> 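Quick one: the structure is below, questions incoming.
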Amino acid sequence: MQLLVDFQLPLSDPVQKFTVILLVILFAPLLFTRFRIPGVIGLILAGTVIGPHGLNILEQGETTLFGTVGLLYIMFVAGLEIDLVDFSKNRKRSLGFGAFTFFIPLLIGTLVSYYFLDYPLRSSILLASMFATHTLIAYPIASRLGIARNEAVTVTVGGTMITDTAALMILVLITASVKGTLNTFFWIQLVVSTLLFTVLVLWGFPKIARWFFRNAEQDGVVQYTFTLMMVFLAAFLAELAGLEPIIGAFLAGLALNRLVPHTSVLMSRIEFIGNALFIPFFLINVGMLVDPGVVFRGSEALIVAFTLTSVALLSKLIAAHLTQWSFGFSILQRNVIFGLSSAHAAATIAIILIAYNLELLDENVLNGTVVLILITCMVSSFITDRAGRKLAVEAYKPPPSDQQQERILVPVANPANMEQLIDLAVMIKQQDDGNPVYSLSVVLDDEGAKENLWHNQASFEKARKHATAANQMIHPISRVDMNASSGIIRASKEMGATKIVMGWNGNLATKDRLFGSVLDHVVSDTEQEVMVVKLLNPLNTFRRIVLWTLPNAEAEIGFSYWVTTLGRLCNKTTGVLHYYGSSETGQALMHELQMEKASVQFVENHIEAAKGISSLVDIITPSDLLVITSTRENTVSYHPMIEKIPTVLSNDFRDLSFLVIYPKHALAIPSFYK
């Protein structure tokens with residue numbers, strides 16, 4: 001009986017190939033994690049088994065495309081997840097680690113290659129540059145453990161770009177010297193193209209992306225496709241500049257860092273697709289490079305493989321120790337640095353293959369490098385997983401008891417701005433506290449109440465889908481009441497809300513005292529922190545947050561609460577906070593931000609209180625988010641000018657985005673305790 005499907009190895013049918021790869025992606029991590037082995041190792045070993053040097057189920061070229069995409073994806077996500085403020089603060093440490101992790105392997109590798117393995121000097125330097133490189137194979141582990149913003153990880157990622165760039169520059173120089181093209185024109189071309197590339201990506205990409213996110217359709221698929229296009233465009237431009245594509249992908253991550261908030265729908269899609277497909281493809285592709293038969297090809301191949309692996313690990317360990325001693329890192333942080341920087345894969349392969357093709361290195365080094373890749377990737381994954389878990393536990397600090405039950409209520413009256421309000425609520429909420437964002441719809445108690453409740457379900461479903469896409473929970477609430485303000489106030493008491501986020505269209509009626517009858521009553525009849533919002537642009541497109549405060553704002557009961565809220569918003573959007581107010585409030589504000597360890601670039605400007613917010617008219621631009629702290633009557637910082645704020649906002653700031661914060665003015669006690 002003749003089979004209708006050809007199962008000849010290696011597989012040639014695309015359906016069969018993709019099925020095998022998906023089976024590996026699904027079951028390899030599950031199998032290895034049962035034995036407390038990182039799933040990253042499972043994917044690499046599975047790639048070895050199904051590759052041309054194992055069962056020969058797949059050919060090497062079958063995963064090369066997605067493998068390349070996966071490597072670029074890892075570097076892009078690393079740049080995207082870096083805390084730019086901390087990255088800037090730690091640039092000296094990144095430079096220090098980059099120097100250690102480049103020069104130490106380069107020095108040790110050159111001496112061992114020249115004196116022990118007996119290679120010529122040019123070949124020894126090129127082989128040593130391979131030791132200096134490393135690939136962030138274990139970065140997904142650090143990201144999953146929640147330590148991606150730890151100082152040790154930030155320094156390692158920054159150092160990765162330095163050492164890989166330097167190592168690849170050695171490759172470029174030696175290759176040019178072999179070909180006889182190392183001349184003055186070569187240097188001029190390299191310097192000019194590198195500068196143009198860096199300026200275009202770090203200065204031009206944010207401008208393009210900000211314009212796109214403001215003007216293009218707010219669709220998750222469109223935004224994701226645009227972001228992915230920017231990554232590969234940067235990688236392509238890096239190649240044109242004579243650099244490696246991974247450098248372009250990393251710089252694209254830095255360029256788009258502030259435009260892709262960590263709690264956004266777009267970031268969730270980037271992480272999901274990367275972790276589900278692209279990164280596993282890359283790890284499988286690394287495994288397929290490994291040839292287990294190397295160990296049976298004679299003693300010389302074994303000696304070279306053992307020497308290369310030992311030098312690679314030892315030199316990176318020394319670099320990690322020197323980094324710890326120089327900058328005061330803990331032992332766990334040192335181990336994480338070593339774990340992340342000890343894996344060799346992408347740049348290593350590029351250097352060795354080019355050197356082999358130029359006949360600068362022989363087959364023993366090529367085979368030994370394959371063994372080095374397997375062992376260093378396993379060591380990297382083990383060390384990062386174990387040290388990272390302990391570091392995550394050590395770094396975790398439970399929130400204050402009065403914030404553990406933070407509950408944010410978002411009354412929704414206009415479906416058009418519902419998603420913006422929910423995005424804001426998600427950004428300012430305490431992460432991983434298990435509490436959802438509560439969306440509220442108040443229906444007037446009249447003959448149409450039943451029908452209106454039914455119509456609200458459609459809006460709730462839209463809100464739920466939007467929040468779910470960002471991996472956030474949302475809990476819809478409906479209330480039937482005589483008026484909207486009463487319904488909001490009752491709901492906030494019943495659920496023990498700590499913050500109320502409400503939208504405002506910017507229009508005033510002469511009969512209203514502040515923003516309007518509903519907002520006026522909610523502000524005056526609640527104790528919680530109330531945020532009145534008008535957003536004309538997506539939150540991720542603002543260049544800076546401009547804060548104006550009343551005198552004595554630091555004396556309010558709710559001062560530390562709204563500073564925490566503002567710190568979270570800054571962390572996940574611009575990272576730049578320009579303050580306008582009294583010096584006393586500014587000092588207290590800076591102290592609170594430091595206590596919260598908020599990654600904020602703080603710029604302080606002192607102005608007289610009597611000038612009011614009208615003095616900011618010429619300072620604020622459409623790309624800024626104006627934040628104003630107000631207060632209720634009979635509080636410490638109350639000033640008569642508060643009554644004029646809505647009018648000024650409606651008249652002078654009509655085309656601008658703003659956020660007015662009313663701090664909580666008494667301890668918000670849930671109704672069931674009263």
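Everything quoted here is computed from the prediction, not taken from an experiment. Computation of the quantities below employed the complete heavy-atom set of this structure, encompassing side-chain atoms and omitting hydrogens, waters and symmetry-equivalent molecules.
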> If you look only at pairs with a residue in residues 107-125, which of them pass as a side-chain hydrogen bond (donor to acceptor under 3.5 Å, both in side chains), with sequence neighbours excluded?
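Qualifying pairs: Y119-D362.
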> How many angstroms lie between NZ in K207 and CG in L259, if you round to the nearest 0.5 Å?
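Between K207 NZ and L259 CG, I get 11.5 Å after rounding to 0.5 Å.
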> Please test R543 against T574 for side-chain contact (heavy atoms from CB on, under 4.5 Å), starting from the C-alpha separation and ending with a verdict.
CA-CA 6 Å; R543 294 180 182 273; T574 70; 5.6 Å; no
> Between D385 and R144 (salt bridge meaning N to carboxylate O under 4.0 Å), is one present in this structure?
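Here D385 pairs with R144 in a salt bridge, since their nearest N and O are under 4.0 Å apart.
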> Nearest heavy-atom pair of P261 and K572: which atoms, and what distance?
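Between these two residues, the closest heavy atoms are CB-O, 3.3 Å.
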> Rounded to the nearest 0.5 Å, how far does CD1 of I208 lie from CZ of F213?
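These two atoms lie 11.5 Å from each other.
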> Closest approach of A234 and A252, non-hydrogen atoms and distance?
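Closest approach of A234 to A252: CB-CB, 3.8 Å.
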> To check you understand the geometry: which heavy-atom pair defines the closest contact between V336 and G388, and what is its length?
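Scanning both residues, the minimum pair turns out to be CG2-N, 3.9 Å.
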> Please tabulate, for the side chains in residues 155-162, all donor-acceptor contacts under 3.5 angstrom to protein atoms that are two or more places apart in sequence or on a different chain.
unit_1, atom_1, unit_2, atom_2, d
T156, OG1, A152, O, 2.7
T160, OG1, H134, NE2, 2.7
T160, OG1, T156, O, 2.7

> Evaluate the side-chain proximity of R389 to L145: yes if any heavy-atom separation is below 4.5 Å, no if none is.
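Touching, per the 4.5 Å side-chain cut-off.
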> Kindly compute the distance separating CE (M169) from OG (S129), expressed to the nearest 0.5 Å.
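Here the rounded value is 12.0 Å.
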> So V311 and F306, side-chain contact (heavy atoms from CB on, under 4.5 Å) or not? Walk me through it.
CA-CA 9 Å; V311 172; F306 176 78; over 6 Å; no
> What's the separation between atom CD1 in I247 and atom OG1 in T194, rounded to the nearest 0.5 Å?
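Interatomic distance, I247 CD1 to T194 OG1, rounded to 0.5 Å: 8.5 Å.
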> For the pair S380 (side chain) and T376 (backbone), establish whether a donor and an acceptor sit closer than 3.5 Å, ignoring hydrogens and angles.
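A pair under 3.5 Å: no.
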> On a heavy-atom basis, which atom in K316 and which in T101 lie closest, and how many Å separate them?
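The answer is NZ-OG1, 2.8 Å.
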> I'd like to check L314 versus I108 (side-chain heavy atoms, cut-off strictly below 4.5 Å). Are they in contact?
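Contact flag for L314/I108 side chains = no.
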> Could you walk me through whether F272 and S268 satisfy the side-chain contact (heavy atoms from CB on, under 4.5 Å) test, starting with their C-alpha distance in whole Å, then the side-chain angles of each, then the deciding distance to 0.1 Å, before giving a yes or no?
CA-CA 6 Å; F272 174 78; S268 297; 6.0 Å; no
> Considering all heavy atoms of both residues, which atom of H344 and which atom of M130 are nearest to each other, and what is their separation?
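Shortest heavy-atom contact: CD2-O, 3.3 Å.
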> Hey, does L80 have a side-chain heavy atom less than 4.5 Å from the side chain of L256?
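Side chain of L256 against side chain of L80, heavy atoms only: contact under 4.5 Å found.
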> In Å and rounded to the nearest 0.5 Å, what is the CZ to OG distance from F100 to S341?
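One gets 13.0 Å once the value is rounded to the nearest 0.5 Å.
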> Minimum heavy-atom separation for P29 to V24, with atom names?
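Taking every non-hydrogen atom into account, CD-O, 3.6 Å.
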> Heavy atoms, side chains only, cut-off 4.5 Å: are F32 and L43 in contact?
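In short, these two side chains do not touch, never coming nearer than 4.5 Å.
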> Should we count CG of L240 as having more than 12 external heavy atoms under 6.0 Å?
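Yes - once you tally the heavy atoms of other residues, nucleotides and ligands closer than 6.0 Å, there are more than 12.
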> Looking at F103, I want to see if its CZ is surrounded by more than 12 non-hydrogen atoms of other residues, nucleotides or ligands under 6.0 Å.
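No.
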> Taking C-beta and beyond as the side chain, do T573 and N540 meet within less than 4.5 Å on heavy atoms?
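No, side chains not in contact.
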> If we check side chain to side chain contact (heavy atoms under 4.5 Å, CB included) with V371, which of these qualifies: L374, I375, T369?
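Of all the options given, the one that passes is I375.
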> My understanding is that only one of L55, L11, L23, I284 makes a side chain to side chain contact (heavy atoms under 4.5 Å, CB included) with I50; could you say which?
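So the option named by the test is I284.
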> I want to check a possible cation-pi pair here: R210 against F205, using under 6.0 Å from ring centre and within 45° of the ring axis as the test.
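Output no; distance or angle outside limits.
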> Does the plane of the ring in Y73 sit parallel, tilted or perpendicular to the ring in F76? Use 30° and 60° as the thresholds.
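Perpendicular, since the angle between the ring planes exceeds 60°.
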> Is the shortest heavy-atom distance from the side chain of F278 to the side chain of V77 under 4.5 Å?
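No, too far: nothing below the 4.5 Å cut-off.
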> Before giving the answer on side-chain contact (heavy atoms from CB on, under 4.5 Å), spell out for L26 and L30 the whole-Å C-alpha distance, their side-chain angles and the decisive distance to 0.1 Å.
CA-CA 7 Å; L26 175 61; L30 291 176; 4.3 Å; yes
> Ring centroids only, cut at 6.0 angstrom: are F327 and F97 within range, meaning strictly under it?
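No, the ring centres sit 6.0 Å or more apart.
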> To the nearest 0.5 Å, how far apart are OG in S342 and CD1 in I337?
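Rounded to the nearest 0.5 Å, the OG-CD1 separation comes to 12.0 Å.
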